[in-house]
Amino acid sequence: MRDTTDTEKHAGTEAAAPHGAPLAGLLPADFSLPAFEPGWVWLAGAGPGDPGLLTLHVINGLRQADVIVYDALVDTSILALARPDAVIDYAGKRGGKPSPKQRDISLKLIEHARAGKRVLRLKGGDPFVFGRGGEEALTLVSQGVPFRIIPGITAGIGGLAYAGIPATHRDTNQVVTFLTGHDQTGLTPSAIDWEAVARGSPVIVMYMAMKHIELISSKLLAGGRKESEPVAIVCDASLPTQKVLETTLGTAARDAAEAGLEPPAIVCVGEVVRLRAGLDWLGALAGRELVADPLGLGQRTSVTG
């Protein structure tokens, strides 16, 4: 798609374009960020919600972009970092609600780029983790539109961290599985081997699973998981409105309904959820007393091993 010169030019070897001196005063004088060239599309991840989790590349893009095409899960406070004269274009897709078609979103990116605009396609989380970033990038390739990928902190890691739940911990799991709770039809993915996932992955992190949480729980139970297995449901992860429900696989669907929880949410299944009793750092700020040995294994005597 591009030659070596273009790749190096847009990999950070050239100072950012002068639009608003994107990060002037925040970085060392010899620290450079890429220029956002006209006619390019940057596919960027905005993280799970908290603006503090944005990368420097995303902020750089926000301050240079002529057009920002953003998703429903991008917090509006992030858009305040855009140039005052930037065009802000909503392209959110939410289940069960009227949403723009994927083809129309891709065509919009191409149209703006061909008009010589700097186009920032801003997605919640990471554009390559259940975000259709790959589909949009391949469409750009088919039309000869140059692009850059800017990774973001995916909600399945960052959102859990804000709930005090690590995706991995050496006392609970050396494997973690990330999966989506619905496919392009809106149904529970039939392509997933639920029995294999239930049997082989100590920790399961699910995106977009709230709508089908009862069916998914039943599939995992049928695959051999215990009804008493810990489950955490994290809604509005990393935002001031974040809610965390600790429950079990056998009662997760009922408890979520009784709590009135709604998406967007991340669902985590596995013993790693128990670590929240010791790692709920946001809860500690509000006065929660944390437990140093939440798994009941006995405190380690070594701080180095």
Side-chain angles (χ1 to χ4, degrees), residues 47-50 52-53 125-126 129 153-179 181 192-207 209-210 213 216-240 242-256 258-259 261 265-305:
D50 183 346
L53 298 180
D126 180 280
V129 180
I153 297 176
T154 185
I157 295 176
L160 289 185
Y162 268 58
I165 302 170
T168 65
H169 185 77
R170 65 175 177 168
D171 289 322
T172 59
N173 63 305
Q174 288 75 49
V175 175
V176 58
T177 295
F178 296 93
L179 60 85
I192 294 177
D193 187 337
W194 292 98
E195 182 178 352
V197 171
R199 184 177 62 252
S201 186
V203 172
I204 305 168
V205 179
M206 296 182 281
Y207 297 66
M210 286 289 287
I213 187 64
I216 291 172
S217 296
S218 67
K219 288 180 178 292
L220 294 176
L221 290 169
R225 304 300 275 248
K226 296 179 180 179
E227 290 195 356
S228 60
E229 184 160 12
V231 171
I233 302 175
V234 186
C235 299
D236 290 343
S238 81
L239 295 172
Q242 174 178 291
K243 297 183 180 66
V244 183
L245 173 67
E246 294 184 55
T247 178
T248 65
L249 193 57
T251 62
R254 183 189 68 206
D255 291 346
E258 290 179 354
L261 299 184
I266 289 290
V267 180
C268 181
V269 179
E271 286 297 302
V272 75
V273 170
R274 294 172 55 200
L275 287 161
R276 185 167 189 263
L279 300 176
D280 181 15
W281 58 278
L282 279 174
L285 291 176
R288 178 178 183 176
E289 184 175 351
L290 300 183
V291 179
D293 184 21
L295 299 178
L297 301 177
Q299 293 187 9
R300 299 184 187 279
T301 57
S302 171
V303 297
T304 61

Donor-acceptor under 3.5 Å (Y207 side chain, I266 main chain): no

Side chain to side chain donor-acceptor pair (under 3.5 Å): pairs with one or both residues in residues 281-292, sequence neighbours excluded: D280-R288

Atom pair CZ (R274) and CD (E229), whose distance is rounded to the nearest 0.5 Å: 11.0 Å

Check: V197 and I192 side chains under 4.5 Å, non-hydrogen atoms: yes

Sub-4.5 Å side-chain heavy-atom contact between L279 and L290: no

Atom of Q242, atom of S238 and distance for their closest heavy-atom approach: OE1-N, 2.8 Å

Minimum heavy-atom distance between V272 and P166, given as atom pair plus value: CG2-O, 2.9 Å

Min side-chain heavy-atom separation V244-I233 under 4.5 Å: no

Side chains of P48 and I153 in contact at under 4.5 Å (non-hydrogen atoms): yes

Residue pair V231 / L249: nearest heavy atoms and the distance that separates them: CG2-N, 3.5 Å

Least distance between heavy atoms, L239 atom then D50 atom: CD2-N, 4.0 Å

CE-CG distance between M206 and L179, expressed to the nearest 0.5 angstrom: 6.0 Å

I165 backbone acceptor or donor facing R276 side chain under 3.5 Å: no

Nearest heavy atoms of A265 and M210, plus distance in Å: CB-CG, 3.6 Å

Heavy-atom check, side chain of L220 versus side chain of W194, under 4.5 Å: yes

Any side-chain heavy-atom pair of V205 and V176 under 4.5 Å: yes

Side-chain H-bond candidate by donor/acceptor type, D255 with T247, under 3.5 Å: yes

Side chain S201, main chain T177, donor-acceptor under 3.5 Å: yes

Closest non-hydrogen atom pair between G159 and A237, with its separation: CA-CB, 3.5 Å

